[in-house]
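Inspection log for the structure reproduced underneath, given as structure tokens.
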Amino acid sequence: MKVDGGKRTMVLSGMLTVLLRMVAGATFVFSGFVKGVDPQGTAMIIKEYFVGFGIDFLGPSSPLGSEFVSIFAVMAGIILAIIEFVIGANLLFGIYRRTTAILLFLFMLVMTPVTLYLAVADPVHDCGCFGEAVVISNWATFYKNLVLLAISVLLLRINKNHVGVYARAVRWLPCLYSAAFMAIIAAVSIRHQPLLDFRPYKSGTDIRKAVQTEADNAEIVFIYEKNGEKREFPLSEAPVADTAWHFVDRIEKTAPGKKNKYSDFIIRSGDEDITESILADTAYTFMVFVPSVSEYEDSWQDKIDELYDYAYEHSYNFCALSPDAATMQRNIEASGISYPCYTMDETAIKTIVRGNPAVALIKDGVLYWKRAPRDVPDMAEISVPLQQTSLGYVHQYNFKNRMIWICLVYFVPLLLLFIAEKSVIGIMSGIREKREAAKAEKMLGKEKNKKRINNKTKTEMRKNIVAGNWKMNKTLQEGVQLAKDVEKALESRTPNCDVIIATPFIHLATVAGTINTEKVGLSAENCADKASGAYTGEVSAAMVASTGAKYVILGHSERRAYYGETPEILKEKVLLALENGLKVIFCIGEVLEEREAGKEYEVVKSQIEGSLFNLTAEEFGKIILAYEPVWAIGTGKTATAQQAQEMHAFIRKTIADKYGAEVAENTSILYGGSCKPSNAKELFANKDVDGGLIGGASLDAEQFMGIVDAF
Ligand code: 13P
């Protein structure tokens with residue numbers, strides 16, 4: 001069986017595109033999400049970057065004030081999280097394929113050198129790219145970024161090769177929804193506590209047990225010395241029998257991943273370590289965490305005071321914890337109440353809770369709950385003891401449940417949108433299409449006559465056309481021979497389309513006299529923008545018509561690019577061609593830079609408006625349009641069937657807006673640009689693609705017929 005190489009390459013490149021999108025998309029969604037779910041944690045890492053990279057005006061002694069720097073870092077973290085999450089979601093769903101590929105590339109272009117610097121100079125020990133969820137070394141981050149950079153370069157070229165989940169018309173919705181979702185997650189996590197907790201000290205943790213388990217898992221290493229050389233041995237290999245080795249020390253190995261995550265839970269009253277007495281206390285203890293006394297949010301003071309009054313009434317313990325206990329203690333006393341403030345390390349506090357202040361309840365070493373002051377109920381309203389309220393019980397943190405809810409909130413609306421788009425919108429456009437077709441048929445007063453191409457209905461009011469544009473190829477003799485070959489090949493066929501050949505001027509008269517131009521339409525490739533006169537070297541529309549040719553190609557991108565043909569010149573040419581009874585095959589199409597800038601629709605519309613929209617509807621009826629994306633001409637790089645269909649539908653709509661549905665339905669719109677027998681069928685199967693304008697493949701009768709046969 002003959003394998004269609006072009007098609008196989010297309011399928012493989014489509015599969016590769018999806019695979020790369022999944023890898024980069026999942027990585028970005030994950031890294032954006034874990035940053036956004038804990039904006040304060042992300043802000044802490046961003047502040048470390050400010051210090052590590054020597055950005056003094058955002059450092060600890062910033063002239064802008066520590067509060068400003070904190071807010072700035074939180075905002076930067078949220079924006080970064082949203083950007084990463086949206087890029088990831090766009091990749092996963094295949095929306096805004098070109099823009100997303102560019103954004104991804106730019107992102108990686110910046111991040112890769114930054115992480116190389118991190119890996120080499122180590123100014124920040126934890127790059128924080130996956131928040132607190134997954135901590136990887138700086139070198140691992142750099143290698144990960146290298147892979148992502150390579151993927152982004154590939155996607156720049158191929159991201160368009162596979163369609164996305166959502167149609168163009170609705171793609172803004174999932175994109176906007178992803179941004180809003182991430183922003184809301186971040187806002188909720190700031191106002192309360194991170195929706196997902198990737199740190200130690202989750203609600204429900206028995207801290208004493210956790211400390212012990214960690215200690216049990218720690219590796220004990222023995223250090224021995226021999227001839228001034230010190231070496232570490234695990235217990236089983238300690239050289240106890242070898243007297244040359246002398247025992248030096250026994251340590252708990254705190255290598256990364258082995259470090260006791262709970263060892264920093266140390267509470268001091270002055271110089272005295274009171275951790276154990278607090279953890280062992282079987283009474284309730286309310287704790288108010290204040291990681292920074294200077295950034296303490298006073299607005300919560302009333303709430304804290306009420307909580308204190310409640311604790312006092314019921315004889316529960318109450319204390320504050322801060323790295324600067326002395327100052328905090330003074331502040332507490334200045335407000336006229338008295339509870340102790342103990343010392344706890346700032347990092348430990350920030351690991352336990354987010355917020356300044358934040359509140360937690362602990363009993364018998366178990367962390368019952370931790371929350372922002374806004375989530376503590378109005379204690380003045382509660383007179384019963386804690387056991388009679390839900391506050392008196394452990395609020396066990398459940399990662400799985402939270403994750404399920406978050407996924408449901410994110411994916412269910414997207415799924416509904418998907419279903420709505422594929423069903424409702426599909427049905428609507430089907431109805432609209434039918435209505436338009438019926439209207440157009442009625443106006444024409446013709447019999448309803450439809451044919452089906454690949455399950456798509458195409459009305460027969462317009463013609464299917466395959467036209468060959470020979471450009472500047474073939475001598476007169478070769479050209480005449482080719483024209484004869486085309487005519488001969490058609491004798492054994494009943495083509496489902498009109499066949500046209502466009503030859504250089506010099507061939508026209510001879511070819512017209514050699515073949516039957518009723519069977520093979522004859523076209524010129526150009527004509528002058530002047531009717532007649534002293535224009536040396538030019539060939540007028542009247543001269544073209546006098547050879548027997550019935551068509552003329554105008555506006556080809558090669559003439560626009562190499563011979564400076566402007567929309568105004570083309571407007572003149574079109575008018576002269578029509579005056580002389582020629583039908584015009586008018587070419588339009590964008591260059592690569594315009595497509596990459598997302599301007600293809602704008603460009604094509606202005607080309608049509610600039611040269612054709614001065615025509616009456618009747619005159620416009622003699623125009624055949626040929627959409628030829630310049631980047632596809634002679635490059636072997638065809639527009640995908642979807643790209644062609646999208647543009648052709650747009651062109652038809654542009655015509656409908658100006659001349660009405662009937663004229664639009666009657667206009668044949670051809671596709672041109674590396675069209676070959678292998679891809680013609682797929683292109684022509686589209687509802688709005690009515691044939692092709694063929695360059696290279698029209699110079700060989702057999703290949704040209706392969707394209708004619710596609711209909
Ligand atoms: P190719 O088919 O060689 O890409 O040329 C297309 C074209 O320019 C037809 O006018």
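Both ligands and their constituent atoms are indexed starting at 1 by order of listing. All values below come from the heavy atoms of this structure, side chains included, with hydrogens, waters and symmetry mates left out.
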Exactly one of Thr100, Asn90, Asn159 clears side-chain hydrogen bond (donor to acceptor under 3.5 Å, both in side chains) with Arg21, and that residue is Asn159
At under 4.0 Å between heavy atoms, what of Cys587 touches ligand 1? The answer is neither
Ile633 side chain reached by Ser674 side chain, heavy atoms, under 4.5 Å
no
When distances are taken from atom 3 (O) of ligand 1, the protein heavy atom at minimum range is Gly696 N, 2.8 Å
Closer than 4.0 angstrom, basic N to acidic O: yes or no for Arg462 and Glu665?
yes
Presence of salt bridge, Lys583 and Asp498, under 4.0 angstrom: no
Within 4.0 Å of some non-hydrogen atom of Gly673, the atoms of ligand 1 are 4 (O), 6 (C)
Has Ala697 got any heavy atom lying under 4.0 angstrom from an atom of ligand 1? no
### Query
What class does the angle between the rings of Phe684 and Phe711 fall in, given that below 30° is parallel, 30 to 60° is tilted and above 60° is perpendicular?
parallel
The answer for which part of Asn469 has a heavy atom under 4.0 Å from ligand 1 is side chain
Is the shortest side-chain N to carboxylate O distance from Lys471 to Glu558 below 4.0 Å?
yes
among protein heavy atoms, the one nearest atom 2 (O) of ligand 1 is Gly695 N, 3.0 Å
Any side-chain to backbone donor/acceptor pair from Arg560 onto Gly555? Under 3.5 Å, distance only.
yes
Measuring from non-hydrogen atoms of Lys676 to any atom of ligand 1, is the shortest distance under 4.0 Å? no
Closest to atom 9 (C) of ligand 1 among protein heavy atoms sits Glu628 OE2, 2.8 Å
Within 4.0 Å of some non-hydrogen atom of Ala632, the atoms of ligand 1 are 4 (O)
Counting from 1 in the order shown, the ligand 1 atoms closer than 4.0 Å to a non-hydrogen atom of Gly634 are 1 (P), 3 (O), 4 (O)
